[in-house]
Amino acid sequence: MLNLNHPILQKLQKCHNLNTLKQVHAQMLTTGLSFQTYYLSHLLNTSSKFASTYAFTIFNHIPNPTLFLYNTLISSLTHHSDQIHLAFSLYNHILTHKTLQPNSFTFPSLFKACASHPWLQHGPPLHAHVLKFLQPPYDPFVQNSLLNFYAKYGKLCVSRYLFDQISEPDLATWNTMLAAYAQSASHVSYSTSFEDADMSLEALHLFCDMQLSQIKPNEVTLVALISACSNLGALSQGAWAHGYVLRNNLKLNRFVGTALVDMYSKCGCLNLACQLFDELSDRDTFCYNAMIGGFAVHGHGNQALELYRNMKLEDLVPDGATIVVTMFACSHGGLVEEGLEIFESMKGVHGMEPKLEHYGCLIDLLGRAGRLKEAEERLQDMPMKPNAILWRSLLGAAKLHGNLEMGEAALKHLIELEPETSGNYVLLSNMYASIGRWNDVKRVRMLMKDHGVDKLPGFSLVEINGAMHEFLTGDKAHPFSKEIYSKIGEINRRLLEYGHKPRTSEVLFDVEEEDKEDFLSYHSERLAIAFALIASSSSMPIRIIKNLRVCGDCHAITKLISAAYQRDIIVRDRNRFHHFKDGSCSCLDYW
DNA sequence: ATAGGGTTAG
């Protein structure tokens, strides 16, 4: 009989390095205690990495390991990303063993390991083993780990298929499915595409389904729900979820707290995000990253920097993501020297090796500030191969500062790397259009045709009285379409009185001057703003979420509308937020 | 007697 209170076992659990571990183990053997190495391995399971490595070594000397022992050790090894290969090698031992077969305890931790790079490819064959070795009805743990794996493997429909076959999903299974939708939507950085919106909406629907079941949501559930709201920019639903946490006495832990800070920030309510952040009791680097990121995308460079410096006071160390968001803040706030200093401090102060994304921030920082030559040099001297994001950054900077030559060169690289991304062509085309080189604009259009690329349709979401309304460029599908277009007419007349002259240079193609104006009038955010002016209370700011970046003309017009109609307008575009108020924008026209 | 699944930031 194993006595878990035995002094040696207690010592064993307190080992914090390999040497003390070896000593205690030796003690175990010499005292002649009847411990089996089995017990040692078991106790090592929850310990740190050196312990599982040690257990693995001991394991090799055990003559006839049981399946139980295999399972224990496999699970222990999968907790450390650099030991996953050992877990798989043990699994293979089981397969080649004469009398052993994997059971339902063997699979969950292996699927968990498969849910991350670079082990994704090992998932499907493992699924085949489940079918071979296990009999239905399948164990909920196995089902859930499979579900989670397929979501991470990018086969969300398989996850959903498996989910729908489960008659009574338990809490973790609901959470897995919800998180799968919420996460697959937020995959592409800050943009909201049609698909992302659909995924997030599906998460909201699924949450409703869950409430009809017998299972009560917990903190993990709410984290998924809240991040779906962040993706959608759905403030009402997000605030409702916040209320749900409070009403149901769920813990406002770091996960929930960070998700809420991110949600309020992505819904345009930076002040609410700040308030929440200040109230969080146990903040970690994740919380800080969310808050700094919030300041960054709302254009509050100095506050982002202040927070970055304050982290140290809480003994928190910046990680790679902290650097990304803080440099983004510097880049958009024109804080070039500060940004450069942070980049240099990565290696010198924090011992971090800058990765591709950090070079991306650096190029953006320099390029945006007009230091194009330096940006280009840093890009050429990078220790790794620049990706499309970096070239796009340089192209954007070249456009901003009117350096055609550099823009053309960057685009060449871009089209090589991403021949099917329409935004690249649009950037270059707009650059030509801005200086009236219509032949080149046409040439780019032909190039797009050759590559079979269509311009990505623009769309905007706006929330009116808790309901999300969606508008496409030139959309006529809204039930109040007629009223919206006549409102746009009114807006245009009113803005003319304000002395507005439409800038037509941002139109993609060479069309007649009058058509250009029309074209611009119907960009999706114009429709959304017009509708919001008709349908929402005049004391509330108008909040818009766009899938593309704001064009120069819409930006100029929205500034005027904010003054002419005395309405605050908050637009989240692909990259950041614009707060329009009294005729100016928080981005200071620097976006 | 001892083994397994779901959560946050860019």
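Sequence lines set the chain letters: A, B, ... in the order given, protein chains first and strands last, and positions in each chain run from 1.
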Atom pair distance, as rounded to whole Å: [atom1] in [X] and [atom2] in [N]:
X	N	atom1	atom2	value
A:Gln183	B:dT8	CD	C1'	10 Å
A:Leu276	B:dT8	CG	C1'	13 Å
A:Phe107	B:dG5	CZ	P	14 Å
A:Asn231	B:dA9	CG	P	8 Å
A:Leu67	B:dG4	CG	P	13 Å
A:Leu250	B:dT8	CG	C1'	16 Å
A:Tyr70	B:dG4	OH	P	18 Å
A:Lys266	B:dT8	NZ	C1'	10 Å

Considering only [options], which nucleotide approaches the side chain of [X] most closely?
X	options	answer
A:Asp170	B:dG5, B:dA3, B:dT7	B:dG5
A:Asn289	B:dA9, B:dT7, B:dA3	B:dA9
A:Ser104	B:dG4, B:dG5, B:dG10	B:dG4
A:Phe105	B:dA3, B:dG10, B:dG5	B:dA3
A:Phe286	B:dG5, B:dA3, B:dA9	B:dA9
A:Val220	B:dT7, B:dA3, B:dT8	B:dT7
A:Ala290	B:dT8, B:dA9, B:dG5	B:dA9
A:Ser75	B:dG5, B:dA3, B:dA9	B:dA3
A:Val325	B:dG5, B:dG10, B:dG4	B:dG10

Original post:
How long is the gap from CG on A:Leu362 to CZ on A:Phe343, to the nearest 0.5 Å?
Top reply: 4.5 Å

Across the strands shown, which category fits [X] at heavy-atom distances under 4.0 angstrom: base, sugar-phosphate, nothing?
X	value
A:Thr258	base
A:Thr221	nothing
A:Leu171	base
A:Lys152	sugar-phosphate
A:Asn103	base
A:Glu357	base

Original post:
Hey, are A:Asp284 and A:Arg254 close enough for a salt bridge, meaning a charged N less than 4.0 Å from a carboxylate O?
Top reply: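 So A:Asp284 pairs with A:Arg254 through a salt bridge.
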
Original post:
Are the charged groups of A:Glu314 and A:Arg309 less than 4.0 angstrom apart, N to O?
Top reply: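 No, this pair does not count.
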
Original post:
Does a distance-only test, which skips hydrogens and angles, find a donor-acceptor pair under 3.5 Å between the side chain of A:Thr322 and the base of B:dG10?
Top reply: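 Per atom types, no contact qualifies.
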
Subject >> Side-chain donor/acceptor contact of A:Asp139 with base of B:dG4 under 3.5 Å >> reply: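 Answer is yes: a donor-acceptor pair is held.
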
Subject >> Centroid distance under 5.5 Å and plane angle under 30°, A:Phe255 vs B:dT8 >> reply: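 Per 5.5 Å and 30° rule: no stacking.
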
Subject >> Qualifying residue, where the test is side-chain contact (heavy atoms from CB on, under 4.5 Å) with A:Cys330 and the options are A:Val325, A:Asp364, A:Leu305 >> reply: A:Leu305

**OP:** Kindly assign one of parallel, tilted or perpendicular to the pair A:His579 and A:His298, based on the angle between their ring planes and the thresholds 30° and 60°.
**Re:**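 Geometry flag for A:His298 against A:His579: tilted rings.
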
Original post:
If you draw the axis of the six-membered ring of A:Phe277, does the NZ or CZ of A:Arg283 fall within 45° of it and under 6.0 Å from the ring centre?
Top reply: yes

